[in-house]
Every structure is written in C-alpha cells, then in structure tokens.
> 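Sending over a structure as structure tokens; questions will come in a sec.
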Amino acid sequence: MPGHGKRTGAAARPKNAKETVRRILGYMLRYRVQLCFVVLAIMVSAAAGVAGTYFLKPIINRYIVPWIGHENPDLSGLAGILCVMAAIYLTGTLCSWLYSRLMINIATGTLYRIRTDLFSRMERLSVGYFDKHVHGELMSRYTNDTDALREMLSSGVPQLISSAISVSGIFVMMLLLSPALTLAVAFVLFLMLGIIKYLGKKSAFYFKKQQEAIGKLNGYIEEMVEGQKVIKVFNHEEEVKSEFARRNETLRQAASNANTCANVLMPIMSNLSYILYAIVAALGAASVIGGRLDLGSVAAFLQYTRSFAQPVTQISQLFNSVLNALAGAERIFALIDEPSEEDGGDVILVNVREKKGGGLEETEAHTGRWAWKCPDSSERGGWRLVELRGDVRFRNVTFSYDGVKNVLKNVSLYAEPGQEIAFVGSTGAGKTTITNLLNRFYDINEGEITYDGIDLKRIRKADLRGSLAMVLQDTHLFTGTVRENIRYGNLEASDSEVEEAAKLANAHAFIQHLPQGYDTVLTADGANLSQGQRQLLAIARAAVADPPVLVLDEATSSIDTRTETLIQKGMERLMDGRTVFVIAHRLSTVRNADAILVLENGEIIERGSHEQLLQEKGKYYQLYTGMFELS
C-alpha cells in the first residue's frame, strides 16, 4: 500500500548557492531589457547620493568659510550649487522609484514562471513521491519559500546592489578626500565584516532549523485538520494540542535564534558607526588645526562616514534574508529537479472502427471501440492495431514498496475479456497493490504484466490509465458543481451524458433534490454531502468515462445495504462487456463475480467462483460463513 516510504523533513539551506543564483538568473533573463534599466537606475541612484555629498566641500570652502564676518554676502553662487544638488538628488529619487517599480514587475513575472514550473513538475511526479513527503511540506514551497524569494527579488537584491555601489563609491571619494582618515574607516570596516561573518554563520544555521520546523509544523497542521473527526471520536484533543505545542515551540526557538542573530547586527553596526564617526571627527579636527585638511573636506568626509556605515549595515541585514530566500529557492528547485514519473511506453490507445473487408482502422470519432497502436516495422506504416479487449495477466509478479518487504510474492493471475475478478483477503494482503500495479502507479520488481498480450511497460501511462476507470474507497471531490465533478471522468461529456452516468450510478435522484440540482456547488471535498452520496458521484464519474476496464476498490463500502442493491443493478449495466476488478470486504458484493481470488500475505491461496470456493471449504468458506473475519 502507498505510504510505506519514510517521511522526509523540509530541505535545508542551499548547499550550492552559486548554482541556485545561476538558476534564478536564468528565469530573470527573460526580462533582459528591464534588468538593464534596473542596473542603470541603481547605479545612477547610488552615484547621485555619493555625488550630492561631495558638494559639501565646495559649499563650505567657497561660500560658508569666506562669508564668515561678511554682512551682505553674494548668495547667487550658493543658490546655483544648491540647485545642482537638488537636481542630482531628484534624479536619484526618480531612479530609485524606477528600479523599485521595474523589480516588482520582474519579481512577480519570475515567480509566476517558477510556480508554473513547480506545479507542472508536481503533476508529473509519481504517486510514490507523494507517499514519502508530507503534504504540508510541499505546500510550504508554494507559500513560505516563494514569499521569501519574492522579497529577495523585489527589494533585497536591488538594495544589495545599491548598497554595494554606494560603499564602493563612498570609499573612492574618501580616498580622494583623505587617505589617512580612510585608513581609520578601513580598520573599523574590517571589524564590521568580521562580526558580519560570525553572526552570518550563526544566523544561517538557525534559519535552516527554522525552515525545517516550518515545514514539519505545516504538515502536522494539515494532517490534524483532515483528521478532526478521528481526533474528536477518540478524545485526543489534549494530546494533539501537546504535540502541536511541542512542534510550535521548536519553531519558536529556531525563529527566535535566527532572528536574534539577524537583528543584533543592526544595533552593533549602528554603534560601531557612531564610534567611527567620533574617531573621524577627532582626527579630522586635528588635521584642520594642523593645516593638513580644509574644513570642507572634513565635513564631506564626516558625511561620507555616516553614509558609509548605513549601506554596510543594510548589507549585513539583507545578507541573512538573502540566505533564507536562497534556502527556499533551492527547496523549490529540488522539487522541480525531481525525476518525472518514468514512462518509456511507445504503445498508444486509439479509437477504431470496422473497416470494409474486415479488420480495424483508426478513427478520430468516438466509436466505443479501442485498440492499442503498437510500433511494428514489419507492418505497413510501421504500426499494427491490437484490439483492446481487457485481457489482463500477471505472471510471477513480485513487488515491494520499500525494497525490503515484499507485498506481493510470485503472484500469477488472469482476467479474460469481460470477466469480473474479485479480490478478497485481510487488510495488507496486497489487494489494492494489484490495482496500483495495473495503473502503473508503481512498477513491478520481478515478473510480467500483460494487457491484451502487450507488456504493460510498453504502454504509455496516459493511454493505459485512459483505458481504466477507478472508484476508490476514499472519494475525492473537487470544488465546483456536481456536474463538473461527474464530468471530471470525461471533460468532453455533454450534459445529457453526465446525467445518464448519474442515473447509471443511481445518483440522479438525490442530485435532483439538491438546492441547484446538477449546478449545486460542492466545497471542502463535498462536505455538504453524505459519504454515500459522495461515493455515488465517484461511481458516476467512472461511468461517464466509459472505460473498457473498471477497478472498484471498496466502491460500495460507504453505502447502506438498500442503496447498494440499487447501485448493483446500475453497476451490472456499467460492467457489461468490460473487464472489472473488484476489491471488497463485503463478500455479498462479489458473489456474482466470474472469479474470486483470495489473497493472504501477498500470495493468492484460492481462486474460483463463489460456489466453487464454498465447496472447497477453505479460507473463503471461513470468511463467508463467519468462521474467520476480515481484519
């Protein structure tokens, strides 16, 4: 049965940050022109801030200092230079707005493509993958991880680039103004970088723990929401709350540690910048007094000192958020890189009709007859048609979900066209596994399965599953109308065909009594219907698919005896001429089966009709007479 795989936790921080960045850039290159404008706007914005500050030197040296003691100074020159400064800062502001706006567009477009690829890949994954991963963990990739990536792309990356350009530009201007004072700044800068490196490692470790805790907590919440009825039936509310509190506390501790390391950087950097400012002010004053520097240069240098510390602090703050986003991006790419469900089939399913002179020919029209189109170099056109009859055979099939314990052991069985084959046996005997293998949800380890004489592995999975319809014990209904849920079995079915299928499944009567009939909207997996009604819709969905082969996995398990009797009449019409596999605990539903197979511990121990097995007085006889109960 599915679910044998070990559940895995959330992914960690990026193991290869360079590769993750390269892949993100690959998505962003679709916006090459906009990115060029973004880079240009960031450079102009950062340069405007650097250039504007330099004007303090000529303002003080040319106008402020010379005017000291003058009663009526000429302000025309000062007004002109102030206008130039205003124009520079205005240009910087406009460029800041421009790159912010463009990056929002680039970020949303990039995430749109990433989410599309993520969902597309998820739809191509095998059933086994979902058995091994908590659903909440997968959901966190669409929510937490994409949110972190959006924040990084829209604001984090532009701010990092802007800060880097500002730091570089300011450092160059400092060197031009005073190499000696720049040495003091460089000393404090190395101290800042050392602190950032130390706290960055700590923060990255705790952000990893935080991501893992979020994935596990989300998975637990989803599981508990789905199991609320079971929780309440067994009065396990307190135990569930305790477990939630434990997981929530794990997340709180991880988040607290991660954000403590991230948030402590700002006050440390701010205080170091104040210390640096005081040192530069003292050294600058001494230089002015000693005649080595002019007052304007010191004033401009002091302003650069304040401006220098701010982008360094911003870089230190953004560094951790970028790490967090890259961790999320790698989790997303890890799912996108998961190998798709293996297929390898070259045999396809086509509609056919009788051609003049005998034989079959392919047609686009729906005729109710199908054939397997098999590559064959010996035939004209390189293809041959094998009529779909529903002949299914297992030969010495052995299968294990985990590669350790065999669920099926050397199983051989056959279902001739039009036969109804029933599987009975204890839970875990391997009944559902047989139908999972028939759908190629999993591939066998040993043996062979043939479908109309064709190796199942040669049939393309989409076509194989198109020839089958399944009604499962656990019914799933989608948000939408009753009509849409039935039509899910065949999206091209007309309204009349939908209603015919509902009548066949004996669902038409109760649908008519719904508030809007077939247009009644179902939500929350059909919570406004009874379990039996949901099962009826699932049977109608299979009926509208009009498949050559039916698989009924406890299809009537949630329906009362009276309704079951009515459904059986409709099911007999549905099963007429089709190969049908039935899994049932309720033995009364399989009395009319052409062959009943009794499974025990992954092996077929009995096969025969109802009467034959009763005469043999073996395991089936014990089950039917109540001497041994199914568990």
Side-chain angles (χ1 to χ4, degrees), residues 37-100 158-186 188-189 269-270 273-315:
F37 279 108
V38 166
V39 173
L40 180 61
I42 290 175
M43 294 175 65
V44 172
S45 175
V50 175
T53 301
Y54 184 78
F55 279 90
L56 287 175
K57 178 179 178 179
I59 287 174
I60 293 174
N61 289 342
R62 295 179 189 176
Y63 302 102
I64 304 299
V65 174
W67 287 347
I68 296 175
H70 288 70
E71 293 184 1
N72 298 306
D74 182 7
L75 300 177
S76 58
L78 178 61
I81 200 169
L82 289 176
C83 288
V84 173
M85 286 183 67
I88 291 174
Y89 282 125
L90 179 60
T91 301
T93 301
L94 290 174
C95 287
S96 296
W97 175 86
L98 177 62
Y99 79 67
S100 297
Q159 191 60 54
L160 271 176
I161 298 174
S162 177
S163 297
I165 294 173
S166 295
V167 167
S168 302
I170 291 170
F171 193 76
V172 171
M173 295 305 294
M174 284 180 169
L175 283 173
L176 293 175
L177 289 172
S178 173
L181 292 178
T182 305
L183 287 176
V185 173
V188 178
L189 173 62
M269 295 297 108
S270 296
S273 69
Y274 292 141
I275 295 172
L276 176 61
Y277 189 85
I279 293 172
V280 171
L283 294 175
S287 298
V288 171
I289 294 172
R292 293 184 298 275
L293 278 178
D294 56 76
L295 188 59
S297 295
V298 172
F301 198 97
L302 283 171
Q303 187 58 38
Y304 277 132
T305 302
R306 295 303 304 272
S307 301
F308 184 78
Q310 182 179 359
V312 171
T313 304
Q314 288 175 339
I315 290 174

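Note that these values count all heavy atoms, side chains included, but never hydrogens, waters or copies made by symmetry. Positions are given from 1 along the sequence. Fair warning: this is a prediction, and the values are worked out from it, not measured in the lab.
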> Evaluate the criterion side-chain contact (heavy atoms from CB on, under 4.5 Å) for residue pair Val298 and Leu283; output intermediate values, then yes/no.
CA-CA 9 Å; Val298 172; Leu283 294 175; over 6 Å; no
> Which residues pass the side-chain hydrogen bond (donor to acceptor under 3.5 Å, both in side chains) test with Ser178, not counting sequence neighbours?
none
> Is it the case that more than 12 heavy atoms not belonging to Met43 sit under 6.0 Å from its CE atom?
no
> For the residue pair Ala299 and Ile60, what are the closest heavy atoms and their distance?
CB-CD1, 3.2 Å
> Could you measure the distance from the OG atom of Ser297 to the CZ atom of Arg292? Nearest 0.5 Å is fine.
13.5 Å
> Just verifying a value: how many Å separate Trp97 CH2 and Ser45 OG, rounded to the nearest 0.5 Å?
13.5 Å
> Please examine the side chains of Ile161 and Val39, heavy atoms only from C-beta on, and report whether any two atoms are closer than 4.5 Å.
no
> Could you give the distance from CG (Leu160) to CD1 (Ile42), rounded to the nearest 0.5 Å?
10.0 Å
> What's the separation between atom CG in Leu295 and atom OG in Ser287, rounded to the nearest 0.5 Å?
12.0 Å
> Answer yes or no: are there more than 12 heavy-atom neighbours, outside Phe37 itself, under 6.0 Å from its atom CZ?
no
> Nearest 0.5 Å, please: how far is CD1 in Ile170 from CG in Leu175?
12.5 Å
> Might you point out which heavy atoms bring Thr53 and Tyr89 nearest each other, and give the distance in Å?
N-OH, 3.4 Å
> Is the closest side-chain heavy-atom distance between Met173 and Leu176 below 4.5 Å?
yes
> Would you sort out whether Met85 and Ile59 count as a side-chain contact (heavy atoms from CB on, under 4.5 Å), showing the intermediate values?
CA-CA 11 Å; Met85 286 183 67; Ile59 287 174; 3.4 Å; yes
> Looking only at heavy atoms, which two atoms of Ser166 and Ala46 are closest? And how far apart?
OG-CB, 3.5 Å
> Taking the side chain as every heavy atom from C-beta outward, state whether Leu177 and Thr182 have any pair of such atoms under 4.5 Å apart.
no
> Got a second to check how far Leu181's CG is from Tyr304's OH, nearest 0.5 Å?
14.0 Å
> Using side-chain contact (heavy atoms from CB on, under 4.5 Å), reason through Arg62 and Leu78 one step at a time and then give a plain yes or no.
CA-CA 9 Å; Arg62 295 179 189 176; Leu78 178 61; over 6 Å; no
> Would you sort out whether Phe55 and Ile88 count as a side-chain contact (heavy atoms from CB on, under 4.5 Å), showing the intermediate values?
CA-CA 11 Å; Phe55 279 90; Ile88 291 174; 3.4 Å; yes
